[in-house]
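These values consider heavy atoms only, across backbone and side chains, with no hydrogens, waters or symmetry-generated copies.
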Amino acid sequence: MRVRTPWIEALEKQRKKGFDPTKPSSTPATPPDRDLTPKKMSDSFHRVVIPLAQDPWLLDNYLNSNGHIRLGTIFMDLDALSGVIAYKHTGESVTTVTAAVDRITINHPLKELCDLELSGQVTYATGRSSMEISLQVAKAPEKGAKVHKEDVLMTCAFTMVSLDPSTKKPVAISPIKLETEEEKRLFELGQKNSTGKKALAKRTLRKQAPNEEESELIHAMWLKQLEYHDPNISTRKPENVIYMDKTRQQSSQIMQPQYRNRHNFMIFGGFLLKQTFELAFCCAAACSHSRPTFVSLDPSTFENPVPVGSVLYLTAIVAYTDPPLVTTNVAGDGVEDTAEGPGERYTRVQIRIDSKVRNVEHGETKPTGQFNYTFLVERNIRVMPSTYSEFMIWVDARRRAESVKASIEGLEPGRLRNGTDDGRSLRVTE
């Protein structure tokens with residue numbers, strides 16, 4: 001369903017009509033009398049099996065140089081699957097786009113190459129333009145059997161928005177009809193996620209200054225910088241402390257029609273996920289001098305579409321390390337430096353990727369989204385911001401980390417409190 005017509009046909013059709021299909025029109029194309037009867041969750045359910053263990057040439061498209069499955073390619077498949085599920089719910093008379101990836105977490109890492117089952121359904125829709133689609137990737141079960149909990153590789157949620165294909169304005173879709181207790185639970189979870197995102201938007205640093213604790217931490221890091229550069233003080237920057245600006249990695253790429261979505265003139269959201277994930281992986285590897293293990297994709301947004309023929313610019317930076325460079329002490333009456341001393345063997349590294357798109361003449365620039373990936377590295381490192389902008393990036397990432405991470409104290413190694421993997425288990429994915 002991703003590509004409806006060959007590119008040459010779409011291009012010729014565009015030239016004959018003499019208009020730009022990427023820009024809004026004043027004439028609606030979505031019928032005003034569409035059937036918006038409530039639909040069951042099961043109406044949109046879809047599953048597909050990728051026979052990686054059976055087809056070595058198919059597997060060849062999913063492997064990296066180590067023989068591990070490339071998670072970026074799986075992310076592309078998940079975005080494509082969310083599109084299929086969305087259209088099963090909305091019908092073909094609307095344009096559905098990916099608005100956000102709310103979460104992707106590893107539950108049980110694959111320890112062997114096997115067939116994969118990707119499945120999902122719409123779990124939250126109130127009748128407005130957006131819907132939440134819950135997905136999972138699992139080891140494919142035997143024919144007629146169900147997926148076991150321990151065989152689920154990852155779970156995730158995508159927020160999709162339906163638009164009028166002509167005006168590009170949001171249009172209403174069918175709400176969800178709840179029938180079982182499990183469906184009510186899933187719907188309530190989607191409602192909670194929606195409320196949480198709205199609350200988070202109100203607390204953004206563009207609207208709310210750092211609180212007292214955050215200001216104290218910023219001040220403590222600033223004082224540390226002064227110590228590192230003061231010739232009259234013996235304190236020097238520890239080797240495991242890395243300045244944030246030294247972690248920056250960038251890439252640029254022309255958006256070719258081979259990466260387009262089913263509407264032909266915009267880039268497929270899954271391709272952007274793949275590109276940002278692999279740049280984030282490189283950024284984590286470069287700063288830690290070790291091989292990172294993916295832990296999660298935290299809430300990330302798509303702001304503007306990326307047209308075919310445009311130039312995509314991606315910038316990755318280490319926004320936060322956990323444990324952080326400084327932290328409030330147990331008593332809460334001061335700040336402690338965690339950089340010096342033996343420290344932790346592992347560090348959770350949060351990579352922030354900002355993306356922007358320019359037309360090929362570079363006369364117009366638009367932000368296209370922000371993506372937040374977390375990796376585990378077997379290295380004791382700490383990131384230190386230097387400028388005010390970097391301090392705000394650090395605070396934003398800290399807020400994100402505090403809201404999504406689970407404490408691992410008192411649990412068996414390799415497990416998080418919410419049942420997801422913390423990145424230390426052996427796996428055949430990266």
- Message: Could you check whether any side-chain heavy atom of His46 comes within less than 4.5 Å of a side-chain heavy atom of Lys88, counting everything from C-beta outward?
- Response: yes
- Task: Please name all residues satisfying ring pair (Phe, Tyr, Trp, His ring centres under 6.0 Å) with Phe391, sequence neighbours left out, ordered by chain then number.
- Result: none
- Which is it for Met255 and Phe271 under the side-chain contact (heavy atoms from CB on, under 4.5 Å) test, yes or no, and what are the steps along the way? CA-CA 10 Å; Met255 296 293 96; Phe271 176 77; 3.9 Å; yes
- Message: I want to check a possible cation-pi pair here: Arg262 against Tyr87, using under 6.0 Å from ring centre and within 45° of the ring axis as the test.
- Response: yes
- Item | Polar side-chain atom of Thr321 near backbone of Val383 as donor-acceptor pair, under 3.5 Å | yes
- Item | Note, Thr98 side chain near Phe158 side chain (heavy atom, < 4.5 Å) | yes
- Considering only heavy atoms from C-beta outward, does the side chain of Thr368 approach that of Leu272 to under 4.5 Å? no
- Salt-bridge criterion met for Arg358 and Glu364 (N-O under 4.0 Å): no
- Message: Taking Lys146 first and then Glu117, would you say they form a salt bridge - that is, a charged N and a carboxylate O separated by under 4.0 Å?
- Response: no
- Are Tyr259 and Phe268 close enough that their ring centres sit under 6.0 Å apart? no
- Task: Give every residue pair that meets the ring-ring contact (aromatic ring centres under 6.0 Å, His included) criterion with at least one member in residues 61-80, sequence neighbours excluded.
- Result: Phe75-Phe277, Phe75-Phe294
- Message: Between the side chains of Arg399 and Glu402, is the shortest nitrogen-to-carboxylate-oxygen separation below 4.0 Å, so that they form an ion pair?
- Response: no
- Under the ring pair (Phe, Tyr, Trp, His ring centres under 6.0 Å) test, which residues partner His362, sequence neighbours left out? Tyr313
- Aromatic ring proximity, centroids under 6.0 angstrom, Trp7 and Phe265: yes
- Item | Aromatic contact, Tyr346 with Phe375 (centres under 6.0 Å) | no
- Query: Just checking, is any N or O donor in the side chain of Gln370 or Ser355 under 3.5 Å from an acceptor N or O on the other one?
  - Reply: no
- Item | Between Ser288 and Ser290, a side-chain donor and acceptor under 3.5 Å | yes
- Message: Under a 3.5 Å distance rule, please check whether Ser300 uses its side chain to pair with a backbone N or O of Asp298 as donor and acceptor.
- Response: yes
- With the side chain counted from C-beta on, respond yes when Thr365 and Val357 share a heavy-atom pair under 4.5 Å apart, and no when they do not. no
- Item | Check: Met131 and Ser162 side chains under 4.5 Å, non-hydrogen atoms | yes
- Task: Spell out, as yes or no, whether a donor-acceptor pair under 3.5 Å connects the side chain of Asn380 to the backbone of Arg345.
- Result: no
